[in-house]
Asks: 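Take this structure first; my questions come after.
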2 protein chains.
Amino acid sequence: MALEHAILVSLLEKPGSGYELARRFERSIGYFWTATHQQIYRVLKRMENDGWVDVRDVPQQGRPDKKEYSVAGLGRAALSSWLHDPIEPESVRHDLAVKIRGAAFDDPAALIREVQRHRQTHRNRLAHYLAGEARDFTGPEAEAEATGTETPLDAERELQHVVLRGGIAYERMMTDWLDDVLATLARFGPGR
Amino acid sequence: MALEHAILVSLLEKPGSGYELARRFERSIGYFWTATHQQIYRVLKRMENDGWVDVRDVPQQGRPDKKEYSVAGLGRAALSSWLHDPIEPESVRHDLAVKIRGAAFDDPAALIREVQRHRQTHRNRLAHYLAGEARDFTGPEAEAEATGTETPLDAERELQHVVLRGGIAYERMMTDWLDDVLATLARFGPGR
DNA sequence: TCGGCCATGTAACCAGTTACATGATTGT
DNA sequence: ACAATCATGTAACTGGTTACATGGCCGA
């Protein structure tokens, strides 16, 4: 299980409320982990009970009060121990691949539309990631990154960048592969 | 949910027992879906109750008897309806990416070993997939595939091939990205 | 005789999804 | 007036993992 740990990392990067965490899971953390607000609130409560996080009530005007969570000593220790614990390289789960092999036993026309939809989604994600990269990882710090003159404080940033590059590589790979799938389907689809 | 449908596709490709399905889920189907035997037996029972599959007792000598499952009309219909049902492009779940971002708050040395382990696993999978491709997708049928002179019976084969190419592209992307991760970690890891 | 393969299952648990619920404020 | 955003939750369900269980055959 990594949701707890993803939350710990996110709170270490910046403390925040359950709501704010949910938003982050739609953006940057969403590159590699997803979670709904329901799940986050539930896990956050458990983490609070276990003493992994501290809570602070933050009254706000013009909007509802919020609870700001930050990582406690026990949470930091839990994260550290998890980081030292080897995990198995996870295996993939691709519904779409099941569908593709299933298309051999069904009309491929519907599948072509489905694959096109997916390709579009991955294209969009790729564009979104590239825009984020241009926004957040170019400029003076990128200079330091390239020339190796960075400070320890840049480590966090650079690790975020390399994870983003992973997301970019993934989306690029997927769009290319889905092009391949479409070409393959086109070869025997319409002629029959 | 796609396990039911993955099983249907696999049984359409070739009928077999729960045990055999479990083995397939360790091999070819494992490129894009995993399942343990416990899960398979449970789902198979439900599919049998729902009339999606037919069972036939096959006595064997020298080894335990087995139940051979094959797809029934209802199962075929269920698969077809699922194939026509659009699914959301799934989002990724990468424990390793959580760890990488978490390494900013911990000793990166342990992470380097972990990343190296993962890279090795992906390298091995890549080699395994490439060997499978060379074994199953070269020869006379590949000729037909390349020249477009294939028959409808080759569709099943070609779709299997394109899914395998997806697995290959994925493993290649992962090994490349993990090289990138290691280079990034090396840049600020040992110097501090 | 010991481990590995063939073959099938039960039970408990854990994580994730979906549906439902409330209520204030801000902008169109 | 209505929709969107901020903010927090409960409850039921589903799917997946882990542990446990049985038992015969085959080869080293």
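Letters A, B, ... mirror the listed sequences (proteins, then strands); counts begin at 1.
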Asks: Between C:dC6, D:dT8, D:dT17, which nucleotide gets closest to the side-chain atoms of A:His37?
Replies: D:dT8
Asks: Between A:Tyr31 and B:His94, is any pair of side-chain heavy atoms under 4.5 Å apart?
Replies: no
Asks: Determine the contact category for B:Thr34: base if any of its heavy atoms lies under 4.0 Å from a base atom, sugar-phosphate if only primed atoms, P, OP1 or OP2 are that close, otherwise nothing.
Replies: nothing
Asks: Which comes earlier along DNA chain D counting from the 5' end, the contact point of B:Gln38 or that of B:Val43, where each point is its nearest nucleotide?
Replies: B:Val43
Asks: Is a side-chain N or O of A:Ser80 found less than 3.5 angstrom from the main chain of A:Arg76, in a donor-acceptor match?
Replies: no
Asks: Which nucleotide wins on minimum distance to the side chain of A:Glu20, given the candidates C:dG9, C:dG16, D:dA7?
Replies: D:dA7
Asks: Could you check which of D:dG15, D:dT8, C:dA7 has an atom nearest any side-chain atom of A:Ser17?
Replies: D:dT8
Asks: Measure from the side chain of B:Lys67, starting at C-beta and using heavy atoms only, and say which of C:dA19, C:dT8, D:dT17 lies closest.
Replies: C:dT8
Asks: Where the side chain of A:Arg23 is concerned, which of C:dA15, D:dT8, D:dC6 is the nearest nucleotide?
Replies: D:dC6
Asks: Test B:His84 against A:Glu114 for side chain to side chain donor-acceptor pair (under 3.5 Å), laying out the working first.
Replies: CA-CA 8 Å; B:His84 284 81; A:Glu114 176 84 332; over 6 Å; no
Asks: Do A:Arg42 and C:dT17 share a donor-acceptor pair, side chain to base, under 3.5 Å?
Replies: yes
Asks: Taking the minimum atom-to-atom distance to the side chain of B:Gln60, which one of C:dA19, D:dT18, C:dA7 wins?
Replies: C:dA7
Asks: I need the CG-P distance between A:Leu21 and D:dA7, as an integer number of Å.
Replies: 12 Å
Asks: Taking the side chain of B:Tyr19 as its heavy atoms from C-beta onward, which of D:dG16, C:dC6, D:dT8 lies nearest to it?
Replies: C:dC6
Asks: Could you give the CD-to-C1' distance, from A:Gln39 to D:dT14, as a whole number of Å?
Replies: 13 Å
Asks: Between C:dA7, C:dT10, D:dT8, which nucleotide gets closest to the side-chain atoms of A:Lys66?
Replies: D:dT8
Asks: Quick one: CZ on B:Arg123 to CD on B:Gln116, what's the gap to the nearest 0.5 Å?
Replies: 10.5 Å
